[in-house]
Amino acid sequence: MAAKYREFQQLNLPAIETEILAKWTEHQAFEQSVSLREGATPFVFYEGPPSANGMPGIHHVISRTLKDLVCRYKTMQGFQVKRKGGWDTHGLPIELGVEKELGITKEDIGKTISVEAYNQKCREAVLRFKDKWDDITRKMGYWVDLNDPYITFKNEYIETLWWCLKRLHQKGLLYKSVSIQPYSPAAGTGLSSHELNQPGTYKDVKDTSVVAMFKAISTAQSAFLFEAAQMGSTLDAEVFYLAWTTTPWTLPSNLGLTVGPNIDYVLVKTFNPYTHLPVNVVLAQNLLGKYFKPEGENGDFAAYTAETKILPWTILTSFRGKALEGLRYEQLLPYEASTAEKSGGDPFRILLDTFVTTEDGTGIVHTAPAFGADDYKVGRKYGIGILTLVDREGKFVDGLGEFSNRFVKNYKDDPNYVDVNVDISVKLKKENRAFKVEKYEHSYPHCWRTDKPVLYYPLDAWFIKTTAIKDRMVELNKTINWKPKATGEGRFGNWLENMVDWNLSRSRYWGTPLPIWRTTDGNEEKCIGSIEELNTEIRRASEVLGGDINTHYLHDGILDLHKPYVDDVVLVSESGKPMYREPDLIDVWFDSGAMPYAQWGLDYEKLKAGDERPFKAPFDTNYPADFIAEGVDQTRGWFYTLHALGALLYDSVAYKTVVSNGLVLDKNGNKMSKRLGNVVDPFKTIETFGADATRWYLITNASPWDSLKFDLEGIREVQRKFFGTLYNTYQFLALYANVDGFAFKEAAIPLDQRPEIDRWILSSLNTLIKEVTAAFDDYEPTQAGRLVEDFVDEHLSNWYVRLCRRRFWKGDYSADKISAYQTLYECLETISRLIAPVSPFFADWLFGNLNGVTQRFTEGSVHHVLYPTADAAKIDPALEERMQLAQDASSLVLGLRKKVNIKVRQPLQRILIPVLDPVTKAQLLKVEDLVKSEVNVKEIQYLTDADGFIKKKIKANFQALGKRLGGKMKAVSAAIGNFSQADISRLEKEGSYSLEIDSEPLILQIHEVEITSEDIPGWMVSSKGSLTVALDVTVTPELEQEGNARELVNRIQKIRKDNGYDLTDRIQVKLGEAGSLAESIRQFGPYIKEEVLADELEMVDHLADGMPIEVNEKAIKVWVDKSSRA
RNA sequence: AGAUCCGUAGCUCAGCCUGGUUAGAGCACUACACUGAUAAUGUAGGGGUCACCAGUUCAAAUCUGGUCGGGUCUACCA
């Protein structure tokens, strides 16, 4: 017996997926999809490593769907796509997790728990949820190689990172410097930005803020200020710059004042409200209102006394910030520890920078390079040096007079603590150096462990000099295909433009150690690039330095490149001095950014040979990546570090195309968070709705880069609308193909021998292939998915199958029937291949069901066959156009029927279609039969102009006319609106028409207007676009009888079905008490018999056991039974 | 604070690049129809200040500038 198509009770996507998953596992379908393409052009994909110490969420499903579908698509296009998985295993989140679990803090590490034991814990925690990740990977159908993933904590991986660092070191791109970092004096440690982002670290606090007065020095350049001041006063004028701070303790370390180059500043004559001395002050114009009352402007200076409430003030001059650049001022708080010499630069000058705002303060920023990142940056730019007058405990250093050794904040919980900030303010007030002192409430970061305010403090750190190749990185970025484009140009482009050097240092424990050893004086250093190199150096140091040096590592060499082991190692410098490792770890982002190299590890042969790229195969054919994809939050993370390292190491991009997907929000548009309890469990979602429906929904609902409002209702819709329809279409084919034994054994019927509708759906199908391929090639899977959806729903199911249903169940196994089968089969088979990248399970299931019978492909899985290619010969635009006409015409007629309440089963005589041009008529003629049967009408008549029935409508063609006429459009449009039928005819006949607009002649061309038929007087009409149809609604007695017959057929069919007969069962029918229906039955008897597969149709006078039914409100009795004949 | 994306029907989204005169789908809702795909399907209907303001233009959902609201990233600094 021939193989049968599988038939099902109902669509059950999760069940299908379980079945397909088992098949994939059994046949190693993924491995095969790679090995089958051995020798083919590689398509290179990099997997961004997830961290397996947390559970996977639904947002992981979207980015992985994206990655998966591209890789599957490219595989089907004939490329070999290797997909090495990876795990990100270092970093703070892991450490914090372990600390929490053990109930310890960072200080305990090395004290209550050894670094060795701690790191062991981290190592165990790292892959805690690996099983869950593997599970979701499998269930969501993500094909990635999990058997041999790269793992960032492995020695081989770290070794490669070291090699990369060494290369940077050799290029002089690795340097040690201070940077301003958040620092907790109470805890004695720097804080990462991640730690600063812990909830609750930013608190509203009230600090003593002071507007300090920095005394200007008179020079040739600042003369304009002093001259202006002089004019307003007979006294020897003093000029002060006002600068605001909420951290007065930074004032002794002040070395500069920063102003905005384009901010407007004013010089104001007034009095110091504390000392009541006359002063001239500089501040931003916008901020005058903060310090001066409007009523005081140009007030009575002479009458001013200490009791005067309202300060008199007057503007002496104004100027841009630019004018102040380089001007000098007197140091505010000079002490022996804070001399210009100690600063190491040329301090006490006015600087320009754009970070200055006029939101608050004075528009002049007090700049202490040691205690602010912006301060540091601008300070460096101008070379004003640096003074760090606070030590790591948070107290002032010696040599600051009365402030020496006082804590700048109450870090020790001293009950007798006196706020040094207040004392500084008081001192300034007394010295005529404070303009305003007040408590100021603002949000300030606190250490999440000690609850004490954080300082920004200069700390030693290692940097990669990314700024050295900034221009090159910008240039290389321009060659990268960003999806969406704006992310690459905007977010990423700006980021590159404003790049700073990459701070590599992390003072933590679990991570890649910096492979740099230094002598204590810092004069000699060594960067180690491989395990072997380290072992050699270990032995050398032992020999040179002797003693106990490195004894543990002499025998087997170093076995683990992590802390604490590497810290034990002492190396020896060229001059014979001991060298110790720089204690920092490196930023985890370096780990992932170097994955193109480290995922393969070092090839020691190549290394020995001095290869520039000493990485194991298949690195050479797998760099750079053709494609990567991650969430948009990685723009400045992974996307950046990959790019930076590619450019730094090899002057190359690391990836050619990058897709950044947006965030997944909940259905109300809120971010998903555990706290809000609105997270979607990907396991549950996939179990309930199936991975395919989930994937399809994620991809088609919104462009990947738009943020997605995740709504389970949307998945349900996809399931019903798309997969349900496709499933039904397959069921339909299976049902009849099994009856007829269709297995695509016959030769394919040539296209020109197939009916119009078959050629049409095949034309549409090939158009679809073309468009879907273009969309995928452009990394627009959303477009691709929506195109397929439209085709399946609109074209295949709602038009082709609906119109062709009869062809499948009616009549013999004829050429026409075979053509229908072949056509529908080809559509389904092609769709299974088109959707395979997005919905891999259902596609393979559908493909398997079809191919299992026909064996048209030898491949066992849709993922091993090639992607369909469009056959241009099958595409016929005119055909697609006229089918659209047919659909529109049918829709119009059905609409008209509806209006007059004549059901479709009632045949009608004719419709009229006015045609104004012969092409449309020719097009309509070819689809006439389809329209007639769809709307159950006997004939179509075409009305041409000559008939004189048509009433026409004319409208200006704005697009064509607008260009030519411009301003006259309105008048012309109105004139055209007034055209009579005769005017229209004349225009049509002569091809042009003379108008007069604003007393100027104007020739109107025929192509500059649109003429449509609007009405046929006396008929029911309806139109859409340029198509108009009229319906003859007269039901003649003949038509009514035919309608009755069709209605009766319908009733008998229903009885057949209710009785559960097979499709092919023959029946016998008896009709009784036919009454007025008798004539219909007599006349259409043969038709009725054929339709209901009746061998006998008999009318009797009395039918005792007949079932009473109604046919068009006329009663009749029917008796149906299976025919006795076989 | 800066950068960026988004704002069109009750909901999810097209259309915007390339301006053109009835602004479209699907879901949901209502009514009707169909009934050999039937837990399917068709037709029709209601539903829109295209976030707001200004500009450019004969013409703006579409181009320009700004405002407001939402998301994200980067900062959080005087």
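Each chain gets a letter, A, B and so on, in the order the sequences are listed, and its residues count up from 1.
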Subject >> Under-3.5 Å donor-acceptor pair between A:S797 side chain and B:rA40 base >> reply: no

Original post:
Expressed in angstrom and rounded to an integer, what is the separation of A:H59 atom NE2 from B:rC73 atom P?
Top reply: 11 Å

Original post:
Atom CG of A:N661 and atom P of B:rC73: how far apart are they, to the nearest Å?
Top reply: 13 Å

Subject >> Spacing of A:I364 atom CD1 relative to B:rC77 atom C1', expressed in whole Å >> reply: 16 Å

**OP:** For A:N936 and A:Q906, test the side chains for any donor-to-acceptor distance below 3.5 angstrom and give the result as yes or no.
**Re:** no

Original post:
Between A:T367 and A:V365, is there a donor-acceptor pair closer than 3.5 Å when you use the side chain of the first and the backbone of the second?
Top reply: yes

Original post:
Over how many whole Å does the gap from A:E1008 atom CD to B:rC58 atom P extend?
Top reply: 18 Å

Original post:
Less than 3.5 Å between a donor and an acceptor, one on the side chain of A:R1056 and one on the base of B:rG36, is that the case here?
Top reply: yes

**OP:** Hunt down the Watson-Crick or G-U wobble partner of B:rU57, both distances under 3.5 Å, from any strand shown, or write none.
**Re:** none

**OP:** State the pairing partner of B:rG36; accept Watson-Crick or G-U wobble contacts with both distances under 3.5 Å, and report none otherwise.
**Re:** none

Original post:
Within the structure, does a side-chain N or O atom of A:R805 lie under 4.0 Å from either OP1 or OP2 of B:rA37?
Top reply: yes

Subject >> Phosphate-side-chain proximity, A:R720 and B:rA28, N/O vs OP1/OP2 below 4.0 Å >> reply: yes

**OP:** Could you walk me through whether A:T362 and A:Y291 pass side-chain contact (heavy atoms from CB on, under 4.5 Å), step by step?
**Re:** CA-CA 9 Å; A:T362 62; A:Y291 304 96; 3.4 Å; yes

**OP:** Would you mind reading off the distance between A:F722 atom CZ and B:rC13 atom C1', rounded to a whole angstrom?
**Re:** 17 Å

**OP:** Grab the CZ-P distance between A:R806 and B:rA37 for me, whole Å please.
**Re:** 11 Å

**OP:** Using the P atom as the reference point in each nucleotide, state the distance between B:rA51 and B:rU12 in Å, no decimals.
**Re:** 15 Å

All N/O contacts under 3.5 Å from nucleotides 14-20 of chain B to the protein, with atom names and distances to one decimal?
from: B:rA14; atom 1: O5'; to: A:R786; atom 2: NH1; distance (Å): 3.3

Subject >> Proximal nucleotide (of B:rA44, B:rA37, B:rG36) relative to the A:V801 side chain >> reply: B:rA37

Subject >> Donor on one side chain, acceptor on other, A:Y5 and A:N849, under 3.5 Å >> reply: no

Original post:
With both distances under 3.5 angstrom, what nucleotide forms a Watson-Crick or G-U wobble pair with B:rC73?
Top reply: B:rG2

Subject >> Options B:rG42, B:rG36, B:rA37, nucleotide nearest the side-chain atoms of A:L894 >> reply: B:rG42

Original post:
With respect to the phosphate group of B:rC77, does any side-chain polar atom (N or O) of A:Y456 fall under 4.0 Å of OP1 or OP2?
Top reply: yes

**OP:** Step by step, work out the side-chain contact (heavy atoms from CB on, under 4.5 Å) result for A:S797 and A:F732.
**Re:** CA-CA 10 Å; A:S797 172; A:F732 178 84; over 6 Å; no

**OP:** Indicate yes or no for a side-chain donor-acceptor contact from A:Y640 to the backbone of A:F492 under 3.5 Å, with no hydrogens or angles considered.
**Re:** no

Original post:
From B:rA44, B:rC77, B:rA37, pick the nucleotide closest to the side chain of A:F732?
Top reply: B:rA37

Original post:
Quick one: does A:E794's side chain have a donor or acceptor within less than 3.5 Å of a partner on A:W799's backbone?
Top reply: no

Original post:
Between A:N798 and B:rG42, is there a side-chain N or O to OP1/OP2 distance below 4.0 Å?
Top reply: yes

**OP:** Take A:L796 and A:V356, find for each the nucleotide of RNA chain B with the closest heavy atom, and name the residue whose nucleotide sits nearer the 5' end.
**Re:** A:L796

Hey, what are the protein-to-nucleotides 24-26 of chain B N/O distances that come in under 3.5 Å?
from: B:rG26; atom 1: O2'; to: A:E717; atom 2: OE2; distance (Å): 3.1

Original post:
How are the rings of A:Y736 and A:F808 set to each other: parallel, tilted or perpendicular (split at 30° and 60°)?
Top reply: tilted

**OP:** Scan every strand shown for a Watson-Crick or G-U wobble partner of B:rG19, both distances under 3.5 Å, and answer none if you come up empty.
**Re:** none

Original post:
Paired with B:rA14: which nucleotide, if any, by Watson-Crick or G-U wobble criteria at under 3.5 Å for both distances?
Top reply: none

Original post:
Across all strands, who's sitting opposite B:rC29 as a Watson-Crick or G-U wobble pair, both distances under 3.5 Å?
Top reply: B:rG45

Subject >> Test of ring centre spacing under 6.0 Å for A:Y183 and A:Y456 >> reply: no

Subject >> Interatomic distance where OH belongs to A:Y800 and P belongs to B:rG42 [whole Å] >> reply: 18 Å

**OP:** Check the distance between B:rG45's P and A:R897's CZ and give it to me in whole angstrom.
**Re:** 18 Å

**OP:** Would you kindly say whether A:N12 and A:Y727 are connected by a side-chain donor-acceptor distance under 3.5 Å?
**Re:** no

Subject >> Complementary nucleotide of B:rG7, counting Watson-Crick and G-U pairs under 3.5 Å >> reply: B:rC68

Subject >> Parallel, tilted or perpendicular, as decided by the 30° and 60° cut-offs, for the rings of A:F722 and A:W696 >> reply: parallel

